[in-house]
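Throughout, a chain's letter reflects where its sequence line sits, starting with A, and its residues are numbered from 1. Only heavy atoms go into these numbers, but all of them, side chains included; no hydrogens, no water, no symmetry mates.
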Protein chains: 2
Amino acid sequence: MSSIKEVAKQAHVSVATVSRVLNNDPVVKPATKNKVLQVIKEMNYKPNLLAKNLRKQASRTVVMVLPSMSNPYFSEIARGAQAAAYDKGYNIIIGTIESKRWILDTYINMLKTNLAEGIVFVSSSVSKELLETLVDEYSVVLCTEYYPGINAACVAIDNKKAGYEAARELIRRGHTHIAYIAGSSASSSVAARIEGYKEALNEAGIPFRPELIAGAKNKFEHVKEIVNGILGQGMQIDGILTHSDLQASYVLKGIKEKSIGLSDEVGLVSFDGTFVAEITNPTLTSIVQPLYDLGYTSVCKLIEKLQGESGDEEEGLILLPHHLEVRET
Amino acid sequence: MSSIKEVAKQAHVSVATVSRVLNNDPVVKPATKNKVLQVIKEMNYKPNLLAKNLRKQASRTVVMVLPSMSNPYFSEIARGAQAAAYDKGYNIIIGTIESKRWILDTYINMLKTNLAEGIVFVSSSVSKELLETLVDEYSVVLCTEYYPGINAACVAIDNKKAGYEAARELIRRGHTHIAYIAGSSASSSVAARIEGYKEALNEAGIPFRPELIAGAKNKFEHVKEIVNGILGQGMQIDGILTHSDLQASYVLKGIKEKSIGLSDEVGLVSFDGTFVAEITNPTLTSIVQPLYDLGYTSVCKLIEKLQGESGDEEEGLILLPHHLEVRET
DNA sequence: AATTATTTTGTAATCGATTACAAATCGGAA
DNA sequence: TTCCGATTTGTAATCGATTACAAAATAATT
């Protein structure tokens, strides 16, 4: 492997000059610059970034941690994140937890060992306690999930408004017994959406019934259990909100195979708006999140933070617009 | 940021000793080892991996390049790849091309600049020409797509057998006019599956008709166009094989909204077996690929290669088992 | 031509680890 | 005690870049 030293020797200049050429230092005389570039091309030289990174104490690498990869919701965020990193000239490591908590250490250690300069946590991929120990020392951005009291920027949608709009849509269609299949975690987005949901009920004069709310994982069996559980309590349901497209697809599946005792005329509105909403039969009405942009913006914010000189900026909530897409359900 | 030097000073030993402790060198006396470990803990010291990587000329990082992320087919491969990297103590960078060819350079440059030690190309994320220039100099593994004449290991399923089995299933059910919606690229897997398909036809005494084969992208509009094109030529179709679950879901969608002029009793078998096959209505009969294992094995092979002393091993085709999963279509 | 100012290049320290080799320490045998 | 070998530790070079500072080369000024 050719090094800068060999290039210097071949070009009859010092390593400093070669380095200057590599970094486009305008101080080098055009003649020498050309000579050096010539040699670089001839030798097919590429600088060793391990050395550069060490010297500059910067890896130009960021990490994005996702709960999982199998949900298209996350892939879309990751796609935006990759694009942002590319545009800003950074490398990005996309890591997933897959519900094995200890894997998170791998990614956090990248910060601690200088392999990465900053990190984006998507959804509930990290606990508040851990976050607290990180935000002071490292650059952290949150994506889709807000942690009150944590001093880190958060990029998300207005979940309360989204919950309100989703519920209002069902109410508009005349549904009044609306169940809410929330996400599994007690996250801020779930809480905010429920708030919005309540507000819509309230506005329509429909009493709020807590029995109609339950958390469920992105697993068919789990969703089925939850819905049947609510129905088993004798609750009449004519509308359902789900936290994700996948959950909604499971509801449809359950209805179809009659393992969920709902008529197929129940109103169904989901969150996310991934391609899943378009391949189910019937297709899903959903609150479409700007997933790509959420990923893109998160990484941009993080990199801005890394490059900004003063460390004490707003660190607020950055809300991106969502919209209701009415399809067949 | 604390360095090894400061640890050495605090512990009243040399940096060499600290380094030995960090690397579990059995030569250090237990007493000093404990003393050093104590200081490391007190100072909350973490070694700077940028320095270590430079010195050892190894980043313990590999790259996996995927055509895209939006297809669950690839996410599942990526999931396996991540697990393998984790198990082997490597970092992995998952990169997607998203049909912007120039992005590939980003990942290849990681090899050239010592940021990564090896690379896995999934599907047709790289051209044969480029591959040829890479395999001699770098460690390369191919995943799901084989390039004859290229000296790199390839992890895939037996596509010919899979094509045969898929077609045979439709024939078994009495279908004889079987269209094949191949992948968009002129890849080896497409060719192999078509070979198997032909073999099944041949075995059943059904004449092969090239008009029934067409490539299509993973886009609804494109699949619709292709299928309607075949039908427009007056071809009677009572069975369809698709290269992916997504394509099959588009066929179902087209049938349902009558934008594809097929009866809903047409036999449909897809490849992949992602979760998509389970959320469509009806659910998809498909050739299930061991996607997670394909990703896992690819990365393992790559790392083995990196760690192996002799560079000239078999480099052959590693075939993983697939199976036909009969669902509703 | 001599002096100064400016441009261009080179020398050497540095980033933070690893590791070959040398040196110190220790224990036991003569 | 003295010497030898084994164990343990330290010194310093090294990885390949960047960069402050010094030095050389060139241009401008008197």
(message) Please report the distance, rounded to the nearest Å, between NZ in B:Lys35 and P in D:dT9.
(response) 8 Å

(request) Using side-chain contact (heavy atoms from CB on, under 4.5 Å) as the criterion, list what pairs up with A:Leu317, not counting sequence neighbours. (result) A:Tyr146, A:Cys154, A:Leu319

(request) Report the residues that fulfil side-chain contact (heavy atoms from CB on, under 4.5 Å) with A:Ile93, sequence neighbours left out, ordered by chain and then residue number. (result) A:Thr61, A:Val63, A:Tyr107, A:Met110, B:Ile93

(request) Any pair with a residue in residues 115-136 of chain A that passes salt bridge (charged side-chain N to carboxylate O under 4.0 Å, His left out), sequence neighbours left out, goes on the list, sorted by first then second residue, please. (result) none

(request) For the residue pair A:Glu6 and A:Gln10, confirm or rule out a side-chain donor-acceptor distance under 3.5 Å. (result) no

(request) Quick one: list whatever passes side-chain contact (heavy atoms from CB on, under 4.5 Å) with B:Lys41, sequence neighbours left out. (result) none

(message) Taking the axis from the first five pairs and the axis from the last five, what angle separates them in the helix from C:dA1-D:dT30 to C:dA30-D:dT1, rounded to 10 degrees?
(response) 70°

Side chains of residues 73-80 of chain A: which donor-acceptor pairs under 3.5 Å do they make with residues two or more places apart or in other chains?
| residue | atom | partner | partner atom | Å |
| --- | --- | --- | --- | --- |
| A:Ser75 | OG | A:Asn71 | O | 3.4 |
| A:Glu76 | OE1 | A:Arg79 | NE | 3.3 |
| A:Glu76 | OE2 | A:Arg79 | NE | 3.4 |
| A:Glu76 | OE2 | A:Arg79 | NH2 | 2.8 |

Could you pull out every donor-acceptor pair under 3.5 Å between side chains of residues 290-299 of chain A and any protein atom, sequence neighbours left out?
| residue | atom | partner | partner atom | Å |
| --- | --- | --- | --- | --- |
| A:Tyr296 | OH | A:Asp87 | OD2 | 2.5 |
| A:Thr297 | OG1 | A:Asp293 | O | 2.6 |
| A:Ser298 | OG | A:Leu294 | O | 2.6 |

(message) Distance check needed: D:dA25 P versus A:His12 NE2, whole Å only.
(response) 17 Å

(message) Considering every strand and a 4.0 Å limit on heavy-atom distances, what is the contact class for A:Val27: base, sugar-phosphate, or nothing?
(response) base

(request) Measure the distance from CG on B:Asp25 to P on D:dG10 and round it to the nearest whole Å. (result) 13 Å

(request) Going 5' to 3' through nucleotides 17-26 of chain C, assign each nucleotide B (protein heavy atom under 4.0 Å from a base atom), S (under 4.0 Å only from sugar-phosphate atoms) or - (no protein heavy atom that close). (result) BBBB------

(request) Only counting residues at least two apart or in another chain, list the ones meeting side-chain contact (heavy atoms from CB on, under 4.5 Å) with B:Lys9. (result) none

